[in-house]
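So that the names make sense, note that chain A is the first sequence line, chain B the second, and so on, each numbered from 1.
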Protein chains: 2
Amino acid sequence: MTQPLAAASRISQRRQAALSDGGADYSAKRAELIRIAAIVFREKGYATATLNDIAAVFGTDRASLYYYVASKEELFQECIQNILDTNVAAAAGIAELPVSPREKLTQLISLMIASQVEHYPYMYVYIQEDMRQVVSQDAEWATRMVEQTHRLEKFFRDAILEGVADGSFRDGLSATLVANGLFGMLLWTHRWYVPGTKYSEQELTATFTALFFDGLATP
Amino acid sequence: MTQPLAAASRISQRRQAALSDGGADYSAKRAELIRIAAIVFREKGYATATLNDIAAVFGTDRASLYYYVASKEELFQECIQNILDTNVAAAAGIAELPVSPREKLTQLISLMIASQVEHYPYMYVYIQEDMRQVVSQDAEWATRMVEQTHRLEKFFRDAILEGVADGSFRDGLSATLVANGLFGMLLWTHRWYVPGTKYSEQELTATFTALFFDGLATP
DNA sequence: ACATTTGTCAACGCTCGAGTTGACGGGCCG
DNA sequence: CGGCCCGTCAACTCGAGCGTTGACAAATGT
């Protein structure tokens with residue numbers, strides 16, 4: 001993420017020093033900055049948000065940000081990476097559980113909703129922004145993030161295929177299309193659902209699982 | 001859309017002249033420019049795309065664009081407005097049909113998919129970009145577009161409520177949540193589905209209707 | 001008491017991209 | 001032929017925003 005080489009500028013040297021002997025205070029403040037960046041990115045969009053905006057909320061000058069972070073891009077990467085990796089790991093855990101495909105999918109659905117509720121601005125930014133457009137350098141990073149997303153999708157697809165194989169899910173529908181449909185249902189929430197308003201996490205999960213497994217038509 | 005007042009610059013005067021006596025050649029070339037803008041916006045995102053990028057594809061100089069269009073923003077608005085208004089009108093037509101709620105929703109689903117296939121770059125841009133972030137002036141326009149989207153959603157929600165009322169759809173799920181779920185399924189396609197590759201429009205429509213009405217579980 | 005580190009910020013450089021100007025070639029019409 | 005519009009573009013202004021510098025006060029350590 002942070003290149004160890006090419007420590008060009010003065011602050012970048014001081015930043016790397018502070019980073020490497022990782023004081024608790026420093027780390028905490030850096031984390032706080034990233035938290036705030038996520039909020040601002042969510043509100044204005046990565047491209048539209050300026051470091052000035054972020055610094056203002058952070059309560060300091062734009063120049064000071066560089067004491068914690070090398071660039072606007074790094075700020076973005078820090079917002080995405082943790083939460084995405086965490087989700088993939090959690091999904092992998094669910095995929096390995098010795099439970100029915102239906103139960104697996106239920107847990108995966110629950111995971112995605114919970115993640116959006118718990119890590120609201122982060123997940124919003126992750127879902128909304130296009131990695132490859134935002135990150136100009138370090139295209140390798142963008143590729144890795146896209147791969148992570150594909151991995152996430154695959155857990156859904158695999159669970160579906162499993163269910164088709166054991167007869168608990170209907171045959172004849174493309175597992176990829178079904179998985180993408182479900183994924184859309186889950187991720188699109190970022191556009192209309194603000195955690196803590198009107199609907200509860202449980203309501204969302206319950207509605208989406210009911211809809212996905214059994215459909216809207218009366219039985 | 002184009003302000004009749006404040007005809008400041010030289011080209012803007014010539015543009016408005018050309019616009020008002022609307023020659024066929026001029027209109028055609030302007031439409032072509034908008035078509036190309038949509039393609040570039042889709043590829044790079046509104047913020048990242050430059051007028052240079054667009055001009056290059058258009059095969060002319062950046063300065064020449066202003067003969068057809070007042071600003072980058074106007075280019076964006078032209079991309080969105082037509083297709084959105086068209087969709088709302090089409091959905092309104094479907095909503096008034098004397099058919100079952102299920103049939104209505106089927107047609108609405110089909111409409112959204114068809115629209116994305118037929119007007120690919122336009123719909124992509126419409127779905128991906130956030131009106132309120134892109135349009136800085138003319139917030140009134142952004143508001144109108146957001147309202148149009150709400151109107152679109154309402155046709156889905158109303159059809160669902162109708163079906164719940166007449167017993168063809170299950171009770172106990174929030175119509176709003178269900179509608180949003182379906183909407184997500186339909187709109188998220190823009191992220192993974194490129195028309196003309198791998199899956200046909202019919203396959204998408206069939207899979208999504210099957211999934212939405214009857215669910216994935218075996219009956 | 002003195003040196004060093006820590007966090008900060010005014011000020012600057014620099015690039016990039018939007019919008020404007022003024023003019024020029026080429027076609028069209030009198 | 002001579003005037004005129006049409007589409008174009010080289011060249012400019014201008015503002016925004018990122019990244020850097022160098023220095024300064026306060027805290028911290030010796």
Any pair with a residue in residues 36-57 of chain A that passes ring pair (Phe, Tyr, Trp, His ring centres under 6.0 Å), sequence neighbours left out, goes on the list, sorted by first then second residue, please.
A/F41-A/Y46, A/Y46-A/F76
Can the ring centroids of A/F183 and A/F156 be said to lie less than 6.0 angstrom from one another?
yes
Whether the side chain of A/R10 and the base of D/dG22 hold a donor-acceptor pair under 3.5 Å is what I'd like checked.
no
Does a donor on one side chain and an acceptor on the other come within less than 3.5 Å for A/T50 and A/D53?
yes
Phosphate oxygens OP1/OP2 of C/dC9: is one of them under 4.0 Å from a side-chain N or O of A/S64?
yes
Distance in angstrom units between B/F76 CZ and C/dA18 C1', rounded
17 Å
May I have the distance from A/D21 (atom CG) to D/dG29 (atom P), rounded to whole angstrom?
13 Å
Describe the nucleic acid contact of B/F58 in one word from base, sugar-phosphate, nothing, applying a heavy-atom distance below 4.0 Å.
nothing
When you get a sec, tell me which of D/dC18, D/dT8, C/dT8 is the closest nucleotide to the side chain of B/Y68?
D/dT8
Where each residue is assigned the nucleotide of DNA chain C containing its nearest heavy atom, which of B/R14 and A/Y26 is assigned the position nearer the 5′ end?
A/Y26
Examine C/dT8: is either OP1 or OP2 under 4.0 Å from a nitrogen or oxygen in the side chain of A/K29? Give yes or no.
yes
Taking atom types as they are modelled, is there a donor-acceptor pair under 3.5 Å from the base of D/dG19 to the side chain of A/R62?
yes
Return the value, rounded to whole Å, for the distance between atom CZ of B/F41 and atom P of C/dG17.
14 Å
Within the pair B/T50 and C/dC16, is there a side-chain N or O less than 4.0 Å away from OP1 or OP2?
no
Would you kindly say whether A/Q133 and A/E129 are connected by a side-chain donor-acceptor distance under 3.5 Å?
no
According to a strict under-4.0 Å criterion, is A/Y66 in side-chain N/O contact with OP1 or OP2 of C/dG7?
no
Report yes if a side-chain nitrogen or oxygen of A/T60 is closer than 4.0 Å to either non-bridging phosphate oxygen (OP1 or OP2) of C/dG7; otherwise report no.
no
Name the residue closer to the 5' end of DNA chain D, choosing between B/I11 and A/S71 according to the nucleotide with the nearest heavy atom.
B/I11
How long is the line joining CG of B/L33 and P of D/dG7, in whole Å?
13 Å
B/T189 side chain to B/Q116 side chain, donor-acceptor N/O pair below 3.5 angstrom
yes
Phosphate OP1/OP2 of C/dT20 contacted by B/Y67 side-chain N/O (<4.0 Å)
no
Using whole Å, report how far CD of A/Q13 lies from C1' of D/dT21.
12 Å
Figure out the CZ/C1' separation between A/R30 and C/dG7, and round it to whole Å.
16 Å
For B/Y46 and C/dA18, what is the distance between atoms OH and C1' respectively, to the nearest whole Å?
10 Å
Over how many whole Å does the gap from B/D61 atom CG to C/dA23 atom P extend?
18 Å
